[in-house]
Amino acid sequence: MSFRDLAADVGIKSASVHYYFPTKTDLGVILMKTYHEEMLAAFGDAMNTRPLTAKLGAVRDAYVKRLSRKPGVCLCGVLAAECAGLPQPVGEALRDYFLACRAWLISAFVKSKAVDPEKRAFAFSVTLQGALLMSNAMTDATLFERAAKEAIRAQELWRS
């Protein structure tokens, strides 16, 4: 992607993009930080009194909302596939996002007094991330929704 292409897509001059983002690395870091903040805000408070299924449903809903936009992919999934080639600051912002999601999920499981909160957070997270990639590759958003539904149901069954 070039700054010129980006500017054309949003209807501004390339110089305007360069003014706010001198390098693609600067743009990548801001994109990651914005994505990070928006997604965690959409998840809500992991430590509130909502039932665990509602909290996990909020995570699912945040990703469903992202999938419904064009191009319909998870920014972090795309970047994770290219992590080795990312500039260091973008890679660090990507890792920060995944660590924050992991911490959020662990907190949600701890608050619900779930057994093995770290293991459960990992299982839920990788199921959703894998489903996001498969859903994108197959151009079928229902694959993600079905996988997320099953992942939430599995967490309900894993009560002890």
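Computed from heavy atoms alone, side chains included, the values below leave out hydrogens, waters and symmetry copies.
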Mind listing the side-chain donor-acceptor pairs of residues 45-53 below 3.5 Å, one per line with the distance, residues two or more places apart or on another chain?
residue : atom : partner : partner atom : Å
D45     : OD1  : M47     : N            : 2.8
N48     : OD1  : R50     : N            : 3.1
N48     : OD1  : R50     : NE           : 3.2
N48     : ND2  : D45     : O            : 3.4
R50     : NH1  : F43     : O            : 3.4
R50     : NH2  : F43     : O            : 3.1
R50     : NH2  : D45     : O            : 3.1

### Task
Given side-chain contact (heavy atoms from CB on, under 4.5 Å), test L75 with L94 step by step and report yes or no.
CA-CA 9 Å; L75 174 63; L94 176 64; over 6 Å; no
How many angstroms lie between [atom1] in [X] and [atom2] in [Y], if you round to the nearest 0.5 Å?
| X | Y | atom1 | atom2 | result |
| --- | --- | --- | --- | --- |
| D140 | R146 | CG | CZ | 6.5 Å |
| C76 | R66 | SG | CZ | 9.0 Å |
| Q155 | S112 | CD | OG | 9.0 Å |
| F109 | K55 | CZ | NZ | 10.0 Å |
| W104 | L40 | CH2 | CG | 8.5 Å |
| E38 | T34 | CD | OG1 | 6.5 Å |

### Task
Apply the test side-chain contact (heavy atoms from CB on, under 4.5 Å) to residues E150 and R153: give CA-CA distance (whole Å), side-chain angles for both, the deciding distance (0.1 Å), then the verdict.
CA-CA 5 Å; E150 288 303 314; R153 189 177 74 76; 3.0 Å; yes
Quick one: does any side-chain atom of [X] pair with a main-chain N or O of [Y] as donor and acceptor, under 3.5 Å?
| X | Y | result |
| --- | --- | --- |
| S125 | A121 | no |
| R102 | F122 | no |
| S16 | I12 | no |

### Query
Are L133 and Y63 in one and the same hydrophobic cluster, where Ile, Leu, Val, Met, Phe, Trp and Tyr link if side-chain heavy atoms are under 4.5 Å apart?
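No: no chain of side-chain contacts under 4.5 Å links L133 to Y63.
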### Query
If you group Ile, Leu, Val, Met, Phe, Trp and Tyr by side-chain heavy-atom gaps below 4.5 Å, do V126 and L132 land in one group?
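No.
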### Query
Would the number of heavy atoms belonging to other residues, nucleotides or ligands and lying under 6.0 Å from CZ of F98 be above 12?
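Result for CZ/F98: enclosed.
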Contact summary for [X] and [Y], nearest pair of heavy atoms:
| X | Y | value |
| --- | --- | --- |
| S135 | L67 | OG-CD1, 4.4 Å |
| A62 | A42 | CB-CB, 3.7 Å |
| T25 | P89 | CG2-CG, 3.8 Å |

### Residues L79, Y97; criterion side-chain contact (heavy atoms from CB on, under 4.5 Å); working and verdict
CA-CA 11 Å; L79 292 178; Y97 171 75; over 6 Å; no
### Residues that E92 engages under salt bridge (charged side-chain N to carboxylate O under 4.0 Å, His left out), provided they are two or more places apart
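Checked E92 against salt bridge (charged side-chain N to carboxylate O under 4.0 Å, His left out); zero matches.
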### Message
Which residues end up grouped with M138 if you chain together Ile, Leu, Val, Met, Phe, Trp and Tyr wherever their side-chain heavy atoms are less than 4.5 Å apart?
### Response
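Its cluster mates, by chain and number, are M134, L143.
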### Query
Under a single-linkage rule joining Ile, Leu, Val, Met, Phe, Trp and Tyr whose side-chain heavy atoms are separated by less than 4.5 Å, which residues share a cluster with L99?
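Grouped by the 4.5 Å side-chain rule, L99 forms a cluster of one, so the answer is none.
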### Task
List the steps, then state whether side-chain contact (heavy atoms from CB on, under 4.5 Å) holds for I106 with V110.
CA-CA 6 Å; I106 291 169; V110 166; 4.1 Å; yes
### Sequence-distant partners of R95, side chain to side chain donor-acceptor pair (under 3.5 Å), two or more places apart
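Result, side chain to side chain donor-acceptor pair (under 3.5 Å) vs R95: none returned.
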### Query
Residues in side-chain contact (heavy atoms from CB on, under 4.5 Å) with A148, at least two apart?
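So A148 forms a side-chain contact (heavy atoms from CB on, under 4.5 Å) with R60, L128, F144.
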### Query
Less than 4.5 Å apart, any side-chain heavy atom of I30 and any of Y20?
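No - every pair of side-chain heavy atoms lies 4.5 Å or more apart.
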